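Report on the structure given below.
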Amino acid sequence: MRFHSDNTATVCPELLEAIRNANVGLAAAYGDDEWTQRLDGAFCELFGTEVRAFVVSTGTAANALALATLSPPYGAIFAHEAAHIVHDECGAPEFFSGGARVTIVPGAHGKLTVDALRSALDATPPSVHTLQPAAVSLTQATELGTVYRPAELRGICDLVHERGMRVHMDGARFANAVAMLGCHPSELTWRAGIDVLSFGATKNGALADDFLYRRKRAGQLVSKSRYLGAQMLAYLDGDRWLAMARHANRMADWLAQAIGRLGGVRLPLPVQANEVFAIVPRTLDECWRARGARYLEWPGEGPGTDAVGEDERFIRLVTSFQTTEADVQALVGAADASPAA
Ligand SMILES: Cc1ncc(COP(=O)(O)O)c(C=O)c1O
């Protein structure tokens, strides 16, 4: 009953095997090894365009370095109010950009819209006194488990480009979004107008050289890079990344359907990726926790009009490639014993 985070799952066995296979003999360091050298090609094939891929060790580093590349120190980076770069990266985008400011934009279901973004951009006409609008960061799938469709992305990217700015995508759950929509990865990235994707891959040749030095300066150029390169190749091989995401999404779907049938449980957000948000009776929350279920209580009042009552809790449950039907059944079974169910 572990639904705390997709970060808690193990490395998938095929990736571990790829690391083991790469662990033979000597290999060139700092990205010159044969595995890392094959990454650009693998990502070009995946996205159907010219791609430069840079491996870094964390999503925070990928986001912060990408945004530092897109924004000058006096720039403004616009992002949804719930974005990971706003709440969970300890100011890394501001730090690595040397002072750019992340500016929040509201939006239902964790998403930015063209109208909300236009209002935010128009609110402070640029002058010598203001931060210069430089970039917009979108999260796909969003922090609230929802997914931007290609047309929504195109609308936002068109507006951003009209204003001479650029678009970053935090693709921590990019695979879940592609799996949900069943579209080609290019439709959610460069064809829609995304300039840089945090997937461990960065597109757009003009930015790539700059990124190269920013990565080194941030201590993110890993010397024994073959172990990262080998993992990433195994992740892409045979669309393993998508198969894993499809499984996680299917489990989230089942989970949502199963707990949605329990007494007093409300699901205020559409379940489109691998995250389920639920407003549950306090008694059910206590019962689940007492029986060993693990998940997060989500800060805030609940999205939109779905206010959380005094005797309720707003929670987030996350599935991964490792979640099983038995995990879902165990959670539902634990609720059967609850007075609230
Ligand atoms: C939406 C999103 N972006 C980025 C990250 C980056 O995380 P980390 O720096 O922990 O690898 C996470 C991790 O939870 C995330 O959920």
Side-chain angles (χ1 to χ4, degrees), residues 2-12 15 53-70 77-97 102 104-105 107 109-112 135-148 153 167-180 188-189 194 196-202 214-215 218-220 222 227-228 231-232 235 241 244-245 248-249 252 269 271-277 294-300 303 315-323:
R2 292 175 307 149
F3 298 98
H4 188 264
S5 166
D6 30 9
N7 288 332
T8 58
T10 63
V11 171
C12 97
L15 267 65
F54 300 94
V55 196
V56 291
S57 61
T58 68
T60 299
N63 287 342
L65 291 172
L67 289 167
T69 308
L70 297 183
I77 297 163
F78 293 82
H80 188 272
E81 58 190 343
H84 200 267
I85 63 165
V86 174
H87 296 286
D88 300 300
E89 298 190 357
C90 202
E94 288 89 341
F95 176 73
F96 281 107
S97 63
V102 179
I104 61 171
V105 183
H109 293 179
K111 289 199 215 174
L112 293 185
V136 170
S137 180
L138 302 170
T139 310
Q140 176 78 314
T142 72
E143 282 74 9
L144 295 183
T146 51
V147 163
Y148 287 99
L153 293 174
V167 192
H168 162 253
M169 177 175 276
D170 175 349
R173 297 191 178 91
F174 183 72
N176 301 92
V178 176
M180 184 269 173
L188 297 181
T189 51
I194 304 296
V196 181
L197 169 68
S198 291
F199 181 102
T202 304
R214 286 183 187 278
R215 178 177 64 166
Q220 286 288 330
V222 175
Y227 300 104
L228 298 183
Q231 279 182 72
M232 194 53 90
Y235 185 56
W241 65 293
M244 288 159 69
N249 287 3
L269 289 156
V271 177
Q272 297 179 331
N274 65 328
E275 295 178 288
V276 178
F277 288 84
R294 294 287 171 267
Y295 49 82
L296 275 186
E297 179 166 359
W298 199 249
I315 65 169
R316 183 196 75 166
L317 304 120
V318 189
T319 56
S320 77
F321 78 95
Q322 245 174 0
T323 305

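All values derive from a computational prediction rather than experimental measurement. Note that ligands are numbered from 1 as they come in the structure, with each ligand's atoms numbered from 1 the same way.
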Q | side chain to side chain donor-acceptor pair (under 3.5 Å) against Thr142, all qualifying residues, sequence neighbours excluded | A | Thr146
Q) Counting N and O atoms only, with roles assigned by atom type, does the side chain of Gln272 sit under 3.5 Å from a partner on the main chain of Ala177, one being a donor and the other an acceptor? A) no
Q. What pair of heavy atoms forms the shortest contact from Tyr148 to Leu138, and how long is it?
A. OH-CD2, 3.7 Å
Q: Collect the protein residues that have a non-hydrogen atom under 4.0 Å from ligand 1 and hand them over in chain and number order.
A: Asn7, Thr58, Gly59, Thr60, Asn63, His84, Glu89, Thr139, Glu143, Asp170, Ala172, Arg173
Q. How about Arg2: does its CZ atom have over 12 heavy atoms from other parts shown lying under 6.0 Å from it?
A. no
Q: Check the angle between the aromatic planes of Tyr235 and Phe199 and answer parallel, tilted or perpendicular using the 30° and 60° thresholds.
A: tilted
Q: Apply the test side-chain hydrogen bond (donor to acceptor under 3.5 Å, both in side chains) to residues His84 and Glu143: give CA-CA distance (whole Å), side-chain angles for both, the deciding distance (0.1 Å), then the verdict.
A: CA-CA 7 Å; His84 200 267; Glu143 282 74 9; 5.9 Å; no
